[in-house]
Amino acid sequence: MRIASSLAVAAALFVAAPVMAQTPPPAAAEAPISPEEAALNVKAQAFSARMQQLGTELEAAITTGAGDQTKTMADVDVVLGRYRPEVNTFADDVATFLNGESAKSTDPEEKAGLAQAATSASASIRGIPDQARAGILERLTNPPAPAAPAAPQ
């Protein structure tokens with residue numbers, strides 16, 4: 001799987017999973033989403049697009065490194081360094097939203113769940129650059145075996 005796709009999927013899951021876990025099943029007629037949720041959805045879409053772009057840049061760094069692990073990882077670190085502030089900002093946005101939802105809730109169990117989701121989602125999102133770096137290092141250290149040629153028929 002390409003790194004861009006992996007990062008986009010990971011970003012979407014980090015954002016959606018905690019919220020989905022706390023969202024009750026839809027009622028017959030769903031209430032419109034709050035302005036805060038709408039704003040977070042816009043930010044999540046933009047973040048997903050940026051993670052796809054990050055993946056493309058990481059793939060380019062791997063290709064440019066041409067098997068030189070030291071050069072590749074140095075280039076990867078530069079790319080990740082450029083994106084880390086955006087990742088951290090989005091992590092803060094998600095935590096702020098979930099903590100805001102927690103503050104609005106009158107159900108103690110829901111409050112606790114949303115507060116925990118804010119903490120775990122933020123940590124997971126902040127971990128994206130480190131996870132990407134570790135995955136690339138693993139890929140460089142243990143490249144996949146070449147595919148076996150097809151047996152003649």
Side-chain angles (χ1 to χ4, degrees), residues 1-26 33 36-103 109-153:
M1 180 182 286
R2 294 199 49 212
I3 290 175
S5 299
S6 298
L7 290 173
V9 168
L13 289 174
F14 287 136
V15 173
V19 175
M20 289 188 305
Q22 299 300 321
T23 305
I33 64 172
E36 295 86 0
E37 187 174 354
L40 183 63
N41 286 340
V42 169
K43 290 176 183 180
Q45 289 172 353
F47 182 73
S48 179
R50 289 295 289 161
M51 292 301 96
Q52 287 183 12
Q53 187 173 359
L54 168 62
T56 299
E57 289 185 39
L58 290 173
E59 287 289 346
I62 293 167
T63 301
T64 302
D68 180 344
Q69 183 175 332
T70 303
K71 178 186 181 344
T72 299
M73 292 313 294
D75 292 347
V76 162
D77 288 338
V78 168
V79 171
L80 292 172
R82 283 197 319 266
Y83 282 84
R84 192 173 296 274
E86 290 178 65
V87 170
N88 291 341
T89 297
F90 184 65
D92 290 342
D93 291 341
V94 170
T96 298
F97 171 76
L98 292 172
N99 283 325
E101 293 299 300
S102 175
E109 196 171 301
E110 182 181 45
K111 280 176 108 49
L114 285 165
Q116 182 182 10
T119 301
S120 63
S122 178
S124 294
I125 294 166
R126 287 179 196 283
I128 290 172
D130 294 334
Q131 290 173 351
R133 186 182 195 289
I136 292 167
L137 184 57
E138 175 68 23
R139 181 172 152 187
L140 293 173
T141 305
N142 301 308
Q153 302 215 18

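Numbering starts at 1 and runs along the sequence shown.
Within the 3.5 Å criterion, the main-chain N or O of Ala44 finds no donor-acceptor partner in the side chain of Ser48. The backbone N or O of Leu98 sits nowhere less than 3.5 Å from a side-chain atom of Ser102 that would complete a donor-acceptor pair.
Between Ala95 and Ser122, the closest heavy-atom pair is CB-CB, 4.0 Å. Closest non-hydrogen pair, Arg126 versus Arg84, comes out as O-NH1, 4.2 Å. Annotation for Ala66 and Thr72: closest pair N-OG1, 4.5 Å, computed over non-hydrogen atoms. When every heavy atom of Asn99 is checked against every heavy atom of Ala115, the shortest pair comes out as OD1-CA, 4.0 Å.
The OG1 atom of Thr89 sits 9.5 Å away from the NZ atom of Lys43 when rounded to the nearest 0.5 Å. One finds the OG1 atom of Thr96 at 9.5 Å from the CG atom of Leu40 (value rounded to the nearest 0.5 Å). Rounded to the nearest 0.5 Å, atoms CD (Gln53) and CG (Leu58) are 11.0 Å apart.
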Steps toward side chain to side chain contact (heavy atoms under 4.5 Å, CB included) verdict (Leu80, Asp130): CA-CA 9 Å; Leu80 292 172; Asp130 294 334; over 6 Å; no
Walk me through whether Phe90 and Arg50 qualify under side chain to side chain contact (heavy atoms under 4.5 Å, CB included). CA-CA 11 Å; Phe90 184 65; Arg50 289 295 289 161; over 6 Å; no
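No side-chain heavy atom of Leu114 sits under 4.5 Å from any side-chain heavy atom of Phe97. Side-chain atoms of Glu86 and Leu54, non-hydrogen and from C-beta on, never get closer than 4.5 Å to each other. Between Glu101 and Glu110, every side-chain heavy-atom pair lies at or beyond the 4.5 Å cut-off. The side-chain heavy atoms of Val87 and Met51, taken from C-beta on, include a pair separated by under 4.5 Å. Between Gln69 and Leu137 the shortest side-chain heavy-atom distance falls below 4.5 Å. When side chains are defined from C-beta on, Phe47 counts as touching Ile125, because their heavy atoms get closer than 4.5 Å.
Defined by atom type and a distance below 3.5 Å, a donor-acceptor pair is missing between the side-chain atoms of Gln45 and Asn41.
Every residue was checked against the salt bridge (Lys or Arg N to Asp or Glu O under 4.0 Å) condition with Asp68, not counting sequence neighbours, and none meets it. Lys71 is linked by a salt bridge (Lys or Arg N to Asp or Glu O under 4.0 Å) to Asp75, counting only residues two or more places apart in sequence or in another chain.
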